[in-house]
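Throughout, numbering of the chain's residues begins at 1 and tracks the sequence. Fair warning: this is a prediction, and the values are worked out from it, not measured in the lab.
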Amino acid sequence: MSAKEKKGVRLDHISKIYLDPKTRKQFYAVNDVSLEIEAGSFVTLLGPSGCGKTTTLRMIAGFESPDAGEIYLGDEPINALMPNKRDTAMVFQSYALFPHYNVYDNVAYGLKLRNVPKAEMNERIKRILDLVELTGMESRMTNQLSGGQQQRVALARAMVVEPSVLLFDEPLSNLDAKLRVSMRTEIRRIQQTLGITAVYVTHDQAEAMAISDKIIVMNKGVVAQMGTPKEIYHHPVDEFVADFIGEVNFLNGDIVRLEENDCILNISGHEVKVPNPDRFPIGKACKVVLRPEATILADTGALPCKVVLSCFMGAYQNYHVMVGDTLVKLADYCPVGRKVYEVGDEAYLSFREGCVHML
């Protein structure tokens, strides 16, 4: 890829309104969203169906027009530009390949539209096919390719035009689970090799965690939280984000006293010490966000509990326990040589140090 200035994307108070065909009422698909995507970064828009992530991506691409706000590519406002005039390229969920073209002609399509000279076109196609590991398949028809190979052709076709921003609309959802994992690794490798800005839409939390520099969690047309995968996972801003990213437990507690940077919580009638970096006050009711791997099950500990499920999962022993009236899911990784609790056993639940987050 030839050296060119890297560009980020900025959304400035963007809104998109649609008409609900059933109720005939207007609703916000995207509601006053402002965010900045750094040049050269890989950012994922993550959220459930209908949260606004695909609409946001399509507005960046130019397939939808915002009803309010401005989109910038670098410092250039692009609302008025047609999709083919924007310095972006989209990789679609359906691949959108031309079945009557071979691999070479599919990849060459965008370059021919731009009247790129033949010699330069050949050089660029050779380089990009090498990058996506399809060298030698130039003359293959796309219907003779596997799903993973078709995805690579779609990727090559988008990247060969050397856009400043590469847009991905759930590109792996048509692939089987194992191939999805290897292809997401490939997409990340290629993005890092080129240093290109990437905006990626998915509803798959594991996918988002594996490939992103930053994750933007969306809910009902607004940004719920933006941060690194670690920030989103360990320090969610609310219950929705905590629950959407990975498996999670919520324990209700009341702060009964403070000790330096810790607080003592009353959970189901038992006192438990947890870190309190946000300085929640005495008397506040709060929720403890507890990941399954952040817990310890033992014969002694902080909270008495009763085992209601015990299941060997290979890498971990999966437990469900009742703490008072609350069901808590635990994962005891590499349980070899440790006591395995059975259904009906009484035990104690403790929190791993530094793994508790309060809301």
Please indicate whether [X] has more than 12 foreign heavy atoms, meaning atoms of other residues, nucleotides or ligands, lying under 6.0 Å from its [atom1].
X      : atom1 : answer
Asn143 : CG    : yes
Glu260 : CD    : no
Tyr28  : OH    : no
Tyr348 : OH    : no
Tyr109 : OH    : no

Closest heavy-atom contact between [X] and [Y]?
X      : Y      : result
Glu231 : Gln225 : O-NE2, 4.1 Å
Ala158 : Pro163 : O-CD, 3.5 Å
Val132 : Ile190 : CG1-CD1, 3.8 Å
Pro99  : Thr142 : CA-OG1, 3.6 Å
Val340 : Gln317 : CG1-NE2, 3.6 Å
Val91  : Leu155 : CG2-CD1, 4.0 Å

Below 4.5 Å, heavy atoms only, C-beta onward: do [X] and [Y] meet side chain to side chain?
X      : Y      : value
Val328 : Leu349 : yes
Val256 : Ile282 : no
Ile216 : Leu46  : no
Ile14  : Met59  : yes
Phe92  : Pro171 : no
Val288 : Ile267 : yes

Just by modelled atom types, is the [Y] backbone N or O under 3.5 Å from a matching donor or acceptor in the [X] side chain?
X      : Y      : answer
Asp87  : Ser164 : yes
Lys273 : Ile264 : no
His270 : Pro304 : no
Thr23  : Lys25  : yes
Asp67  : Ile17  : yes
Asn106 : Phe98  : yes
Arg24  : Leu19  : no
Asp243 : Glu239 : no
Glu76  : Leu73  : no

Look up atom [atom1] in [X] and atom [atom2] in [Y], then write down how far apart they are to the nearest 0.5 Å.
X      : Y      : atom1 : atom2 : result
Ser350 : Ile296 : OG    : CD1   : 6.0 Å
Thr56  : Leu35  : OG1   : CG    : 7.5 Å
Met358 : Leu265 : CE    : CG    : 5.5 Å
Ile37  : Leu11  : CD1   : CG    : 6.5 Å
Thr202 : Ile215 : OG1   : CD1   : 10.0 Å
His203 : Leu45  : NE2   : CG    : 14.0 Å

Do the side chains of [X] and [Y] get close enough for a salt bridge, i.e. N-O under 4.0 angstrom?
X      : Y      : result
Glu120 : Lys118 : no
Arg188 : Asp213 : yes
Asp75  : Lys7   : no
Asp345 : Lys306 : no
Glu138 : Lys126 : no
Arg127 : Glu162 : yes
Asp299 : Lys339 : yes

Between [X] and [Y], is there shared hydrophobic-cluster membership here, with clusters defined by ILVMFWY side-chain heavy atoms closer than 4.5 Å?
X      : Y      : result
Leu194 : Val9   : no
Val165 : Ile196 : no
Leu145 : Leu129 : yes
Val107 : Tyr101 : no
Met137 : Met121 : yes

Legend entry - Distance-only polar pair, side chains of Glu64 and Tyr18, donor-acceptor under 3.5 Å: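 There is such a pair (donor and acceptor under 3.5 Å, judged by atom type) between the side chains of Glu64 and Tyr18.
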Legend entry - Modelled atom types, side-chain donor and acceptor of Ser173 and Gln93, under 3.5 Å: yes
[X]: partners by side chain to side chain donor-acceptor pair (under 3.5 Å), with sequence neighbours left out:
X      : result
Arg352 : none
Arg189 : Glu186
Thr197 : none

Which atom pairs, donor and acceptor, lie under 3.5 Å between side-chain atoms of residues 78-85 and protein residues at least two apart or in another chain?
| unit_1 | atom_1 | unit_2 | atom_2 | d |
| --- | --- | --- | --- | --- |
| Asn79 | OD1 | Ile71 | N | 2.9 |
| Asn79 | ND2 | Gly69 | O | 2.9 |

Inset, instruction - Measure the acute angle between the ring planes of Tyr341 and Tyr319, then classify it against the limits of 30° and 60° as parallel, tilted or perpendicular. - result: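 Judged by the thresholds at 30° and 60°, the geometry between Tyr341 and Tyr319 is perpendicular.
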Inset, instruction - Give me the ring orientation class for Tyr200 and Phe42: parallel if the planes are under 30° apart, tilted from 30 to 60°, perpendicular past 60°. - result: tilted
Inset, instruction - Any chance you could pull the hydrophobic cluster mates of Leu327, using side-chain heavy atoms under 4.5 angstrom and chaining through other members? - result: Val308, Met322
Inset, instruction - Mind running side chain to side chain contact (heavy atoms under 4.5 Å, CB included) on Leu166 and Thr88 for me, showing each step along the way? - result: CA-CA 6 Å; Leu166 203 48; Thr88 62; over 6 Å; no
Legend entry - Verdict with supporting geometry, Arg114 and Val161, side chain to side chain contact (heavy atoms under 4.5 Å, CB included): CA-CA 9 Å; Arg114 288 164 175 77; Val161 299; 3.6 Å; yes
Inset, instruction - Answer yes or no on whether Arg140 is positioned over the face of Tyr104, meaning its NZ or CZ is under 6.0 Å from the six-membered ring centre and within 45° of the axis. - result: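 The answer is no; the distance or angle limit is not met.
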Legend entry - Inter- and intrachain pairs under side-chain hydrogen bond (donor to acceptor under 3.5 Å, both in side chains), touching residues 282-293, at least two apart: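 For residues 282-293, and leaving out neighbouring residues, the side-chain hydrogen bond (donor to acceptor under 3.5 Å, both in side chains) pairs sorted by first residue read Tyr233-Glu293, Asn252-Lys287.
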Legend entry - Working for side chain to side chain contact (heavy atoms under 4.5 Å, CB included), residues Thr54 and Asp169: CA-CA 7 Å; Thr54 298; Asp169 183 14; 3.8 Å; yes
